[in-house]
2 protein chains.
Amino acid sequence: MTYVSVLHAMGDGTRRELLELLRRQPHAVGELATALRVTQPAVSQHLRVLEHARLVAVRPEGRRRVYSLAPGGLQELRAYLESFWADVLNAFAADDPNPPAPPEAPATPARRRAPRRRRRSRGSR
Amino acid sequence: MTYVSVLHAMGDGTRRELLELLRRQPHAVGELATALRVTQPAVSQHLRVLEHARLVAVRPEGRRRVYSLAPGGLQELRAYLESFWADVLNAFAADDPNPPAPPEAPATPARRRAPRRRRRSRGSR
DNA sequence: CCGATACATAAGTCATGGCTTATATATTTC
DNA sequence: GAAATATATAAGCCATGACTTATGTATCGG
């Protein structure tokens with residue numbers, strides 16, 4: 001299950017920053033290290049995780065290593081979330097006559113209408 | 001940015017197991033604790049994280065607390081990944097004449113055509 | 001009310017992983 | 001081929017967080 005490694009890879013803040021930088025354009029390791037405020041080995045380690053998740057790919061260019069976004073991992077995660085989303089909709093359709101948006105139109109879904117019964121709930125925080 | 005908390009929440013394996021259980025049907029805390037092999041407090045702590053990410057919602061039912069999937073967090077993450085996906089496609093379209101599948105048709109994208117130049121790459125592992 | 005049940009919260013332990021410094025490996029330049 | 005540059009790998013430190021065992025707080029049954 002590759003989407004697991006993708007979720008793990010994207011779960012870290014520094015790696016998300018790397019992805020945001022690569023989102024603009026490909027970058028060599030040194031450029032990424034100076035952009036973020038971490039050392040070069042830290043960046044290399046993060047890039048290895050991202051590479052295993054197939055979120056980035058390398059292209060050796062001289063003695064530099066240029067990293068760029070790769071579609072594999074993201075595609076995998078997207079597919080998983082779509083199947084998950086279907087079940088969320090079903091769970092909602094079960095007791096909500098006014099379901100949220102359909103899968104192809106991402107938008108904030110409608111709120112749940114009302115609790116089934118009010119019963120003096122316990123302190124919610 | 002809520003999608004950050006969603007990525008963090010889904011980054012943990014135990015929490016993903018909880019989500020998979022809730023994907024079938026709503027469950028009380030005790031049921032989840034016996035299904036997984038962790039203690040009840042551990043489950044409660046994980047559920048709190050999932051709740052903050054708006055991936056689950058609670059419905060008090062007598063002295064039980066029934067958790068079920070909620071659409072908010074997943075919707076947020078899906079929206080973020082879609083915008084991200086657009087940039088991945090652009091990055092690919094820049095140097096690949098045969099781009100991967102469009103956003104509404106999740107499928108394995110075509111492979112990159114060829115490296116720019118072969119140059120006796122360094123040992124790749 | 002009182003015991004039992006179901007869950008949340010507190011506090012402490014321990015492992016995972018993110019960061020660092022040091023060093024090894026490639027590649028270009030002179 | 002030697003020095004310089006760019007990156008990967010190794011090893012160790014340390015913080016975050018996942019788990020545990022208490023214990024507190026509601027809710028139901030008698």
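The structure presented is a predicted model; accordingly, all values stated were derived computationally and were not measured. Sequence lines set the chain letters: A, B, ... in the order given, protein chains first and strands last, and positions in each chain run from 1.
Taking only side-chain nitrogens and oxygens, B:Thr14 comes nearer than 4.0 Å to OP1 or OP2 of D:dC19. The side chain of A:Tyr67 contributes an N or O atom lying less than 4.0 Å from OP1 or OP2 of D:dA8. A close approach under 4.0 Å does not occur between any side-chain nitrogen or oxygen of B:Thr39 and OP1 or OP2 of D:dC19. Within the 4.0 Å cut-off from OP1 or OP2 of D:dA18, at least one side-chain nitrogen or oxygen of B:Arg15 is found.
Taking 4.5 Å as the limit, some side-chain heavy atom of A:Met10 sits within range of a side-chain heavy atom of B:Tyr80. No side-chain heavy atom of B:Ser68 sits less than 4.5 Å from a side-chain heavy atom of B:Val56.
Note: CG (A:Leu32) to C1' (D:dT7) measures 12 Å, nearest angstrom. To the nearest angstrom, P of C:dC19 lies 12 Å from CG of A:Leu47. At whole-Å resolution of the value, CD in A:Glu61 and P in D:dA6 are 13 Å apart. Computed from coordinates, the A:Arg59 CZ to C:dA26 C1' distance equals 18 Å when rounded to whole Å. Spacing between atom CZ of B:Arg63 and atom P of C:dA6 amounts to 6 Å, rounded to whole angstrom units. In this structure, CG of B:Leu50 is placed 15 Å from P of D:dG17, rounded to the nearest angstrom. The nearest whole Å value for the distance from the CZ atom in B:Arg16 to the P atom in D:dA18 is 11 Å. Atom CZ of B:Arg48 and atom P of D:dC19 are 14 Å apart (whole Å).
Side-chain proximity of B:Arg64 to the nucleotides D:dC19, C:dA8, C:dA6 is greatest for C:dA6. For A:Ala42, the listed nucleotide lying nearest its side chain is C:dT20; candidates were C:dA10, D:dA18, C:dT20. Closest approach to the A:Gln45 side chain among D:dC19, D:dG17, C:dC19 is made by C:dC19 (side chain taken as heavy atoms from C-beta onward). Closest to the side chain of B:His46, out of C:dT27, C:dT5, D:dA18, is D:dA18. Counting only heavy atoms from C-beta on, A:Ser44 has its side chain closest to D:dT9 among D:dG17, D:dT9, C:dC7. The side chain of A:Asp12 lies closest to C:dG18, out of D:dT5, C:dG18, C:dC7. The side chain of B:Pro41 lies closest to D:dT21, out of D:dT21, D:dA8, C:dC7.
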- Task: Verify side chain to side chain donor-acceptor pair (under 3.5 Å) between A:Thr14 and A:Arg37, making sure each step is shown before the conclusion.
- Result: CA-CA 10 Å; A:Thr14 303; A:Arg37 281 313 209 87; over 6 Å; no
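If B:Val49 and B:Gln40 are placed on DNA chain D by their nearest nucleotide, the residue sitting closer to the 5' end is B:Val49.
Taking hydrophobic clusters as Ile, Leu, Val, Met, Phe, Trp and Tyr residues chained together by side-chain heavy-atom distances below 4.5 Å, A:Val49 does not share a cluster with A:Val66.
Salt-bridge check for B:Glu51 with B:Arg48: failed, with every basic side-chain N at 4.0 Å or more from each acidic carboxylate O.
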